[in-house]
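In what follows, a single structure is set out as structure tokens and then discussed.
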Amino acid sequence: MPIEIIIGSVNPQVLAESGSDDRNFATTRWSLILTSANLGADDQKAQQALSELCRLYWRPIFSFVCRRGYSTQDAQDLTQDFFVMMLERNWLRNADPTRGRFRSLLFKSLQNFLNDAAAKRRTCKRGGDVQFVSWDEWRAEAPSKLTLSAQALESWPDQRLFDLRWAATVVEQALRRLREECESQGRLRAFETLRPCLGAEREDVSYSTLAHTLGVPEASVKQLVHRLRQRYRCLLRDEVAETVADATEVDDEIRHLCGVLGCDTSAAP
């Protein structure tokens, strides 16, 4: 399959049933940002939350800009300029809570930004009074495992490609967090060995082979895989929750992203 990222047969319904504590939802990044903007509060935490979301989701933005025909250097500059614009307080105040999802608002804002000739030609120096992540620090993160066919890159609509890269980023972030947790628990080798099982059909998993590789009983492997899958689903749900304005939107966003990742990338739109 052209999408080289673990999502496989993850059932959106199962993810939706993983549950979350709505009482804690107000502390998620996007909800914090919208609450602060709506109240007109000068909340440093909201600014930091937006900065973190920008840091995590620069790949879909950069890829979108590149697809518009800009050189790599120009796309880097425009991506930085776009996020600097977002990190300015006036953008926060103009954020519309009724538009819900960070993904949707980001895509629309980016379109407007690139359609504005003055914005594309402006010479403002990145950074200014805004503290942001350097391009080198962005690039230093683990490379995306998402690959697309040439036909998909050429024929797919902008929105579809943007959503696919966004979904891949969500999944990669959840996997990164799961890897870090396993490493902190001294189970990095188990994670690397069992990682392909997270998105595989159960009948495609050879527990006996995995047991031999890890040198543990087959029953232990089954238990480890079950626990990893459960934790992965929780982390994926947490990542999605950070980008929607209300807890009731999480399940729909999960279904949408799973649908995007489950599509055949070699097919025409």
State whether the side chain of [X] and the backbone N or O of [Y] hold a donor-acceptor pair below 3.5 Å, judged by distance alone.
X	Y	result
Thr169	Arg165	yes
Ser184	Glu181	yes
Asp74	Tyr70	no
Ser63	Pro60	no
Ser220	Val216	no

Check: [Y] and [X] side chains under 4.5 Å, non-hydrogen atoms:
X	Y	answer
Val65	Leu110	yes
Leu56	Arg29	yes
Ile61	Gln80	no
Gln111	Asp158	no
Phe62	Thr72	yes
Leu224	Arg187	yes
Leu161	Pro157	no
Val244	Phe102	no

Got a second to check how far [X]'s [atom1] is from [Y]'s [atom2], nearest 0.5 Å?
X	Y	atom1	atom2	result
Tyr232	Leu235	OH	CG	9.5 Å
Glu192	Arg189	CD	CZ	11.0 Å
Leu175	Leu228	CG	CG	10.5 Å
Gln223	Tyr207	CD	OH	12.0 Å
Gln48	Leu32	CD	CG	9.5 Å
Leu106	Trp30	CG	CH2	8.5 Å

Identify the heavy atoms of [X] and [Y] that sit nearest to each other, and give their distance.
X	Y	result
Leu210	Cys197	CD1-SG, 3.5 Å
Ala168	Leu261	N-CD2, 4.1 Å
Met85	Phe113	CE-CD1, 4.2 Å
Val260	Leu164	CG1-CA, 3.3 Å
Ala211	Val221	CA-CG2, 3.6 Å

* Considering residues at least two apart in sequence or located in another chain, which fulfil the ring-ring contact (aromatic ring centres under 6.0 Å, His included) criterion with Phe107? -> Phe64, Phe162
* Check the pair Arg255, Asp252 against salt bridge (Lys or Arg N to Asp or Glu O under 4.0 Å), reporting the backbone distance first and the verdict last. => CA-CA 5 Å; Arg255 280 188 284 269; Asp252 284 344; 2.7 Å; yes
* To do: Step through the shown structure and confirm whether more than 12 heavy atoms of other residues, nucleotides or ligands are within 6.0 Å of CZ on Arg229.
  => yes
* Could you please spell out the steps behind the side-chain hydrogen bond (donor to acceptor under 3.5 Å, both in side chains) verdict for Arg176 and Gln173? => CA-CA 5 Å; Arg176 185 178 299 116; Gln173 181 63 14; 2.5 Å; yes
* Determine whether the aromatic ring centres of Tyr57 and Trp166 lie less than 6.0 Å apart. => yes
* To do: Run the salt-bridge test on Asp251 and Arg237 with the 4.0 Å N-O cut-off and return the result as yes or no.
  => yes
* Using a strict cut-off of less than 4.0 Å between a Lys/Arg side-chain nitrogen and an Asp/Glu carboxylate oxygen, indicate whether Arg179 and Glu183 qualify as a salt bridge. => yes
* Using the side-chain hydrogen bond (donor to acceptor under 3.5 Å, both in side chains) rule, take Gln73 and Asp77 through it: C-alpha gap first, then chi angles, then the decisive distance, then the call. => CA-CA 6 Å; Gln73 182 61 52; Asp77 290 344; 3.3 Å; yes
* Run the side-chain contact (heavy atoms from CB on, under 4.5 Å) check on Met86 and Ser109 step by step: do they pass? -> CA-CA 9 Å; Met86 288 186 60; Ser109 297; 5.6 Å; no
* To do: Could you pull out all residues at least two apart from Glu253 that satisfy salt bridge (charged side-chain N to carboxylate O under 4.0 Å, His left out)?
  => Arg101, Arg103
